[in-house]
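Excluded from the calculations below are hydrogen atoms, water molecules and symmetry mates; all remaining heavy atoms, backbone and side chain alike, are included.
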Amino acid sequence: IGDTLLATPAIRAWKRAHPGGRLTVCCPDRGSAYQVLLHNPNIDALVAGGDEASRLPGTHVALDPVAALAEAWATGKPFAWCYAQMLGVEIDGLRYDYTITPDEREAGRQTCGALGEHRPVVLVARHSVSCTSNNPAVGRANKCVDNAGWIRCADWLERRGYVAVAIGSRDEAEDPRYARWPGRTLYGQPLRLVAAACAASAGVLTVDNGIRHLAAAAGAHLYTLSGAIPLEILSCVAVRDGQRIVEEFRDVRDVTDRTLSRGAQRLGL
């Protein structure tokens, strides 16, 4: 999710530099990358499936996130800038492009309304599938925060009148590290509904994961912790007037419930 959204400034820059050109973006399937780019105004055609992509005419450029991240580490430049270099253009900013349809926006409002029962909802994305504590050979968290801190933060939010809702993928619902949760959950929902729910929420609290970038792209108010990649490489910026984004780069081993609660306060919760 994040890797694809980080490509959207480069896609926008290419279209601006080649206003008469036709841009087709090819995704391996109709999964996350395809869903993120759906309705993107700078894409003329969105194709799913490698075989069909190989038969398309014109110049083919592979936007490789591994190569882009390596370039970002080497140069200190933003991830999105590195994608743009692959396309031979210069980005005009780090703002993501993501379009929520009116029907999706209404579904997001209804989802948050049902979860909150007339109280404002705060979505909490505690997981990152790329956290090294998922790897038995490493075992040390580089992105995820201890679940006990999140639970105490959820209690703090509840005392302030919010409904804290844990959110993530269907696979993350089975993660034993995060099984304990005092409130409601929203796992395994379609990606585009998750984006719309983020936009309709009072705020989103995350670690460095896909929902972090999706929430920023959807225009949600966002507090996020990054413990692996410096913010100058992987920062999010507002996509609409009044959107609040608060990001911290720090060792996740030093993060406590007070860190999380202070971050929520800085967000205005």
Side-chain angles (χ1 to χ4, degrees), residues 1-3 5-6 69-70 72-79 94 122-160 162 164-169 171-183 185 187 198 201-216 220-238 243-269:
I1 297 170
D3 292 342
L5 283 166
L6 284 157
L69 182 57
W73 276 112
T75 62
K77 296 284 191 178
F79 201 125
L94 299 177
V122 176
L123 300 179
V124 180
R126 304 170 288 168
H127 310 261
S128 173
V129 294
S130 58
C131 181
T132 51
S133 62
N134 286 321
N135 183 347
V138 180
R140 182 182 65 82
N142 65 334
K143 289 188 175 184
C144 295
V145 177
D146 185 76
N147 192 44
W150 284 119
I151 289 174
R152 287 192 289 270
C153 181
D155 291 339
W156 178 86
L157 287 166
E158 293 282 344
R159 291 195 298 272
R160 294 177 73 89
Y162 297 98
V165 178
I167 190 167
S169 70
D171 291 342
E172 290 167 339
E174 306 301 323
D175 190 329
R177 297 173 303 161
Y178 295 93
R180 200 160 60 88
W181 180 250
T185 61
Y187 284 101
C198 288
S201 70
V204 182
L205 310 181
T206 77
V207 292
D208 181 10
N209 58 17
I211 290 179
R212 166 198 182 181
H213 298 280
L214 191 63
H221 302 310
L222 171 68
Y223 169 72
T224 184
L225 281 163
S226 179
I229 303 176
L231 295 178
E232 58 264 26
I233 292 177
L234 205 66
S235 63
C236 298
V237 300
Q243 182 183 5
R244 301 185 300 276
I245 295 180
V246 178
E247 296 183 308
E248 290 189 71
F249 177 68
R250 60 189 302 167
D251 192 324
V252 294
R253 292 171 295 182
D254 298 333
V255 172
T256 68
D257 59 302
R258 292 189 178 184
T259 310
L260 300 172
S261 299
R262 282 196 302 267
Q265 281 184 303
R266 289 175 62 194
L267 193 61
L269 301 177

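- Within 6.0 Å of the CZ atom in Arg250, the count of heavy atoms belonging to other residues, nucleotides or ligands exceeds 12.
- The shortest side-chain heavy-atom distance between Cys198 and Leu123 falls under the 4.5 Å cut-off.
- By the 4.5 Å heavy-atom criterion applied to side chains, Asp175 and His127 are counted as neighbours.
- Between Trp73 and Ile229 the shortest side-chain heavy-atom distance falls below 4.5 Å.
- Here salt bridge (Lys or Arg N to Asp or Glu O under 4.0 Å) pairs that include residues 259-269, with residues two or more places apart or in two chains, are Glu248-Arg266.
- Counting heavy atoms from C-beta outward, Val122 and Leu205 have side chains that approach closer than 4.5 Å.
- Expressed to the nearest 0.5 Å, how far CZ of Arg258 lies from SG of Cys153 amounts to 13.0 Å.
- Taking the side chain as every heavy atom from C-beta outward, Leu260 and Val255 approach each other to under 4.5 Å.
- By the side-chain contact (heavy atoms from CB on, under 4.5 Å) test, Asn147 pairs with Arg126, Trp150, Ile151, Tyr178, Arg180, sequence neighbours left out.
- Not counting sequence neighbours, the partners of Ser226 by the side-chain contact (heavy atoms from CB on, under 4.5 Å) test are Asp208, Arg212, Leu231, Phe249.
- Distance alone, capped at 3.5 Å, is enough to place a donor-acceptor pair between the Thr259 side chain and the Thr256 backbone.
- A heavy-atom distance below 4.5 Å is found between the side chains of Gln265 and Arg160.
- The closest donor-acceptor contact from the side chain of Glu174 to the backbone of Asp171 lies at 3.5 Å or more, if one exists at all.
- Proximity of Glu247 to Ile245: side-chain heavy atoms (C-beta onward) are separated by under 4.5 Å at one or more points.
- Among residues two or more places apart in sequence or in another chain, the side-chain hydrogen bond (donor to acceptor under 3.5 Å, both in side chains) test is passed with Asp146 by none.
- At a threshold of 4.5 Å between non-hydrogen side-chain atoms, the residues Val124 and Val165 do not count as touching.
- Looking at residues two or more places apart in sequence or on another chain, you find a side-chain contact (heavy atoms from CB on, under 4.5 Å) between Ala125 and Ile167, Thr206, Asn209, Ile211.
- Separation of atoms OG (Ser235) and CG (Leu6) is listed at 9.0 Å; rounding is to 0.5 Å.
- A donor-acceptor pair under 3.5 Å is formed between the side chain of Gln243 and the backbone N or O of Ala216.
- Residues that satisfy the ring-ring contact (aromatic ring centres under 6.0 Å, His included) test with Phe79, not counting sequence neighbours, are Tyr83.
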